[in-house]
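Here is the structure we will look at.
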Amino acid sequence: MIERGDHRVVALGGGHGLYASLSALRRVTRRLTAVVTVADDGGSSGRLRRELGVLPPGDLRMALAALCGDDEWGRTWSRVVQHRFRSQGELHEHAVGNLLIVALWELLGEGEAGATRPEATVAGLDWVGRLLGAQGRVLPMASVPLDIVADVQGADPARPDEVVQVRGQVACAKTPGKVLGVSLVPPDPPACPEALAAIEEADWVVFGPGSWFTSVLVHLKVPELAEALINTRARRIVALNLAPQPGETDGFSPQAHLEVLQAHAPDLRVDVVLADQGVVEDPDALDKAVRMLGGRLMLADVAAGDGTPRHDPARLAQAFAQIFTD
């Protein structure tokens, strides 16, 4: 049984990867903040973003669901906010939590025109967190919706050396070829002030796991956020994925993930890189890449035992607890 401590931890990412890290970290610390990407343009989030001009709520919703408690209240509300409607009409595939978050943004922002005000955005997420009994806080990484632009090589098999740009998170994830790098539109978005404050006050900052280019590295493309992450006194952990992600990191070794991290943020120092010992084929090469970032490598058994490339929350929590103690 892990005893929850008082380390101030900030976890960055989005989607299922951030859900995994938060599900583990909430077992380890009482002072947890998620800083979440706001570039989703597909599904329910994309529809609400286009129709109402709000931040895409889906990744924020997933983070809140991950922070729900293990009691009946927490388990019930986690299921409710993740529930998607099934119909032949406009509600089809909308997630209940997305609608709840956007409703609070509109109410607190006094209508559609104020729905994307930073103070309304953060207050709405805090209200949902209180309803869910969330064991931590969820914040957006930026105060405005973002578009991801990816440089992709070999998108057309007939021209394997050609590099093209694709725009939008869905397009970045689905376009065949090799992603060389990502940027944001707008290129200098305002970072969420509360997120900057959380990073400044943190003891630990956790990057990953998750979609490497579209959920993890994009945080380093928000200039204010990147500056905060580079200058914070917090120690930094990179939790590596268990497998390459089709369409984004096909063929990437664990050390290749670190190489593109360094390319996107050359001044970022890393203290610990956490990887599953069962998926690292060349520990020496990975250790060398970790040392290039100024850190140490920790190999642990953090994968689920069913053979799928998913992190086991209890095992991942144990690994985080050991890192914090060391």
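Residue numbers start at 1 and run along the sequence shown. On a predicted model such as this, the values are computed, not experimentally measured, just so you know.
- Using modelled atom types, no side-chain atom of R30 and backbone atom of R8 make a donor-acceptor pair closer than 3.5 Å.
- V170 and V152 fall into different hydrophobic clusters, where Ile, Leu, Val, Met, Phe, Trp and Tyr are joined by side-chain heavy atoms under 4.5 Å apart, directly or via other members.
- At least one side-chain heavy atom of V96 sits under 4.5 Å from a side-chain heavy atom of F85.
- In this structure, D306 contributes its side chain and T308 its backbone to a donor-acceptor pair below 3.5 Å.
- Annotation: the span from Y19 atom OH to D59 atom CG amounts to 13.5 Å, rounded to 0.5 Å.
- A distance of 9.0 Å separates CD1 in I148 from OG in S211, rounded to the nearest 0.5 Å.
- With hydrogens and angles ignored, the 3.5 Å screen pairs a side-chain donor or acceptor of W105 with a backbone N or O of T121.
- From L52, atom CG reaches atom CZ of R47 across 11.5 Å, with rounding to the nearest 0.5 Å.
- For Q262, the CD atom counts as densely surrounded, since its 6.0 Å shell holds more than 12 non-hydrogen atoms of other residues, nucleotides or ligands.
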Assess the residue pair D276 and L299 against the criterion (side chain to side chain contact (heavy atoms under 4.5 Å, CB included)); give the C-alpha distance rounded to whole Å, side-chain angles, the decisive distance to 0.1 Å, and a yes or no. CA-CA 6 Å; D276 184 80; L299 296 175; over 6 Å; no
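- Between R26 and D70 there is a salt bridge, since a side-chain N of the basic residue sits under 4.0 Å from a carboxylate O of the acidic one.
- With values rounded to the nearest 0.5 angstrom, W212 atom CH2 is found 6.5 Å from L217 atom CG.
- Residues R310 and D312 are not paired through a salt bridge, judged by the lack of any N-O separation under 4.0 Å between the basic side chain and the carboxylate.
- Side-chain atoms of V260 and F252, non-hydrogen and from C-beta on, do get closer than 4.5 Å to each other.
- Checking side-chain atoms of S253 against main-chain N and O of A256 turns up a donor-acceptor pair under 3.5 Å.
- D147 and R49 are joined by a salt bridge, as a carboxylate oxygen and a charged side-chain nitrogen come within less than 4.0 angstrom of each other.
- Counting only distance, with no hydrogens or angles, the side chain of D271 and the backbone of R235 share no donor-acceptor pair below 3.5 Å.
- Open room surrounds CZ on R79; 12 or fewer heavy atoms of other groups in view lie less than 6.0 Å from it.
- Here the straight-line distance linking atom CE of M141 with atom CD1 of I199 works out to 11.0 Å at 0.5 Å rounding.
- The pair D287-R291 meets the salt-bridge criterion, with a side-chain N (NZ, NE, NH1 or NH2) lying under 4.0 Å from an Asp/Glu carboxylate O.
- L64 pairs with exactly one of L125, V36, L100 by the side-chain contact (heavy atoms from CB on, under 4.5 Å) rule, that one being L125.
- Dense packing is recorded around CD of Q153, with more than 12 heavy atoms of other residues, nucleotides or ligands lying under 6.0 Å away.
- In terms of heavy-atom proximity, S87 sits nearest to H92 at O-ND1, 3.1 Å.
- Side chain of S45 to backbone of G58: a donor-acceptor contact under 3.5 angstrom is found.
- Between K178 and D250, none of the side-chain N atoms (NZ, or NE/NH1/NH2) sits under 4.0 Å from a carboxylate O, so this pair counts as no salt bridge.
- In this structure, CZ on F213 lies 5.5 Å from NE2 on H264, to the nearest 0.5 angstrom.
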